[in-house]
Amino acid sequence: MDRTAVGYFRDRSAADRAYDALVQRGFSRDDISVLGHGREGHEGLGDDDHMTGAQGAATGGIFGLLLGAAAMLIPGIGPIVAVGPISAALAGAVTGGVTGAVTGGIAGALTDAGVPDEEARYYDERFRSGGYLVTARTDESGYREVRSLLESMGAETQGENVQAVGRRTIGDDPEKVTG
């Protein structure tokens, strides 16, 4: 049975390193998804006004992947850019073709990809505040490896086999978080 491991990253450079690490470990680009915030009516990421798609592709990593992607307007979230298997579910949300994604946005798309409901809602909330989601679809035997790799790259994770020591969760007081 396939599973989807998810990591939330606050900044693009950490998400980029995680994406590269997954590819270097042999995970197929066809199984990796990346989601970032876009600008309505534009292509690419919402946080860069100075690069063209060709320049972004030359930089590599997720920046190059997402720069040329068209922004999708997701109700309740706004414009996002996505590549990989999760993007198909999100595109369905825009056109109304995928029921889970329509009713649940990011959470619905993640649930459709096999992420447990509570976990999917956690990532949806984190993503709404900004940042990036990196996901990788894998079989049961590779799931722990992907989770571990995402965490080692700085991902905030939720759910099974996660140790959240020193990590903030929604609602935490930043003054009380220890590392």
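Just so you know, these numbers come straight off a predicted model, no measurement behind them.
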*Dump the intermediate steps for side chain to side chain contact (heavy atoms under 4.5 Å, CB included) on Arg10 and Arg126, then the final yes or no.*
CA-CA 9 Å; Arg10 293 175 191 241; Arg126 298 308 272 171; 3.2 Å; yes

*Is there a side chain to side chain contact (heavy atoms under 4.5 Å, CB included) between Leu110 and Thr135 once you walk through the steps?*
CA-CA 9 Å; Leu110 291 173; Thr135 75; 4.1 Å; yes

*Verdict with supporting geometry, Leu150 and Leu22, side chain to side chain contact (heavy atoms under 4.5 Å, CB included)*: CA-CA 8 Å; Leu150 291 172; Leu22 286 165; 4.1 Å; yes

*Take Tyr19 and Ile32 through the test side chain to side chain contact (heavy atoms under 4.5 Å, CB included) and record every step on the way to the result.*
CA-CA 8 Å; Tyr19 175 84; Ile32 303 170; 3.5 Å; yes

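With Val6 as reference, Val115 is the one residue of Val115, Leu35, Val134 to meet the side-chain contact (heavy atoms from CB on, under 4.5 Å) rule.
Between Ala107 and Ala120 the shortest heavy-atom distance is O-CB, 3.5 Å. For the pair Tyr132 and Ala15, the tightest heavy-atom approach, listed with the atom from each and the gap, is CB-CB, 3.9 Å. Across Gly7 and Thr157, no two heavy atoms sit closer than the pair CA-CG2, 4.3 Å. In plain terms, the two heavy atoms of Gly84 and Ser33 that are nearest each other are C-OG, 3.4 Å. Of all non-hydrogen atoms in Ser152 and Leu149, the two that sit nearest each other are OG-O, 2.8 Å.
Salt bridge present: Arg147 and Glu119 bring a charged side-chain N and a carboxylate O closer than 4.0 Å.
Contact annotation: the side chain of Arg137 never approaches that of Arg3 to less than 4.5 Å [non-hydrogen atoms, C-beta and beyond]. Side chains of Phe9 and Met153 form a contact here, defined as non-hydrogen atoms less than 4.5 Å apart. Under the 4.5 Å side-chain criterion, counting only non-hydrogen atoms from C-beta, Thr4 is not in contact with Thr138. Side-chain atoms of Glu118 and Gln158, non-hydrogen and from C-beta on, do get closer than 4.5 Å to each other.
No donor-acceptor pair under 3.5 Å is formed between the side chain of Ser148 and the backbone N or O of Glu145.
A ring-centre distance under 6.0 Å is found for Phe127 and His37.
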